[in-house]
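One-based numbering, in listed order, for ligands and for the atoms of each.
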Amino acid sequence: MLTLQGLHKRYPDGFVALPSVDLQVPRGQLVALIGPSGAGKSTLIRCINRLVEPTAGSVKLGDQELSNLSRAELREARRRIAMIFQDYALVDRLTVMENVLSGRLGYVSFLDSLLRRFPPADVERAFDLLETVGLKGLHDRRADALSGGQRQRVGIARALMQQPELLLVDEPTASLDPRTARQVMQLLSDLCKERDLTAIINIHDVPLARAYTDRIVGLQAGSIVFDGAPAELTDAV
Ligand code: ADP
Ligand code: ADP
């Protein structure tokens, strides 16, 4: 369960991006965060793993309060939270396998491990994950030789390599054609169900959000203006 209580973000220039957000997301739920550009979707997602520091309020993952952790504790806690990006954030000159393995360790420790050897159990798991995301046989391909959809699948496999409880997904389909976008959303939806993963997806495309998620949260000017099942969503949001 992810619990946000009174989450407040004021940027250094004084702009209040999130007045006070309350949100509870149970395990296994795939939530779409929708709303116009500037509504605070990225800010909200980044406050959860503290890529953006919340100004006030509480962020809890399970029983653990994340908002007051030390840097070292935060590093540990972040292993439970994986991010998936619009631009995939792969390392182009590394192979698919290397990119996936980097999810296990973080990028810096990963470079370190390249000089040694990866534990065989990790490599085996990375192969399994590549099969899960539909990239069987592509492990040796360089990341820059992949299509957009394939790159996003590598991004997803890398995130899963962390064995996260929570996936934070920032516009995963914005750079993809409509058919590939639907396939990626289907994959995310299947993964949440199969692995009891919680996911929050920042997504512009409302029809996609409706079709593939369990719940829609509509944000406007940093406040939740809709929270319900996709079928209940009206044109007001
Ligand atoms: P969204 O993801 O919904 O497009 P954002 O979270 O990126 O919205 O932005 C929410 C609001 O916060 C916007 O008005 C944006 O201009 C503002 N904002 C974002 N980052 C900063 C910052 N570093 N300093 C000041 N204002 C910011
Ligand atoms: P840590 O702090 O645990 O060393 P990092 O901040 O290095 O972790 O990395 C966090 C996540 O971001 C990892 O999943 C890693 O794969 C990804 N990442 C970090 N830097 C890069 C980069 N330059 N290119 C692609 N992915 C990166």
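When only non-hydrogen protein atoms are considered, atom 7 (O) of ligand 1 lies nearest to Ser42 CB, 3.8 Å. With respect to atom 5 (P) of ligand 1, the closest heavy atom belonging to the protein is Thr43 OG1, 3.7 Å. Atom 18 (N) of ligand 1 has Tyr11 CE1, 3.4 Å as its closest protein atom, hydrogens excluded (heavy atom only). The shortest contact between atom 8 (O) of ligand 1 and any protein heavy atom is with Gly40 N, 3.0 Å.
A donor-acceptor pair under 3.5 Å links the side-chain atoms of Arg158 to the main chain of Tyr88, judged by distance alone. Arg125 contributes a side-chain N or O that, together with a main-chain N or O of Met161, makes up a donor-acceptor pair within less than 3.5 Å. Between the side chain of Asp22 and the backbone N or O of Gly6 there is at least one donor-acceptor pair closer than 3.5 Å.
Both Leu160 and Leu138 are assigned to one and the same hydrophobic cluster, defined by single-linkage of ILVMFWY side chains at heavy-atom distances under 4.5 Å.
Side-chain atoms of Thr173 and Glu171 include no donor-acceptor pair closer than 3.5 Å. A donor-acceptor contact closer than 3.5 angstrom is absent between the side chains of Ser102 and Asn99.
Among the atoms of Phe15, none of the N or O lies under 3.5 angstrom from an N or O of ligand 1. Close N/O approach between Gly38 and ligand 1 is found [any backbone or side-chain N/O within under 3.5 Å]. Checking only distances, Pro12 never comes within under 3.5 Å of ligand 1, N or O to N or O.
Taking a cut-off of under 4.0 Å to the non-hydrogen atoms of Lys41, the atoms of ligand 1 that pass are 1 (P), 2 (O), 3 (O), 4 (O), 6 (O), 8 (O). Those atoms of ligand 1 that come under 4.0 Å of a heavy atom in Ala17, given as number and element, are 12 (O). Each of the atoms 3 (O) of ligand 1 lies under 4.0 Å from some heavy atom of Pro36. Each of the atoms 1 (P), 3 (O), 8 (O) of ligand 1 lies under 4.0 Å from some heavy atom of Ala39.
The residue from Val184, Val169, Ile201 that alone fulfils the side-chain contact (heavy atoms from CB on, under 4.5 Å) condition with Ile84 is Val169.
Checking atom 27 (C) of ligand 1 against the protein gives a heavy-atom contact under 4.0 Å.
Contact between Gly35 and ligand 1 is absent, with no heavy atom of the residue lying under 4.0 Å from the ligand.
Nearest residue to atom 25 (C) of ligand 1 from Ile45, Leu219, Asp13 is Asp13 (criterion: closest heavy atom).
Heavy atoms from other residues, nucleotides or ligands lying under 6.0 Å from CG of Asn68 number more than 12. The neighbour count for Gln186 CD, taken as heavy atoms of other residues, nucleotides or ligands under 6.0 Å away, is above 12.
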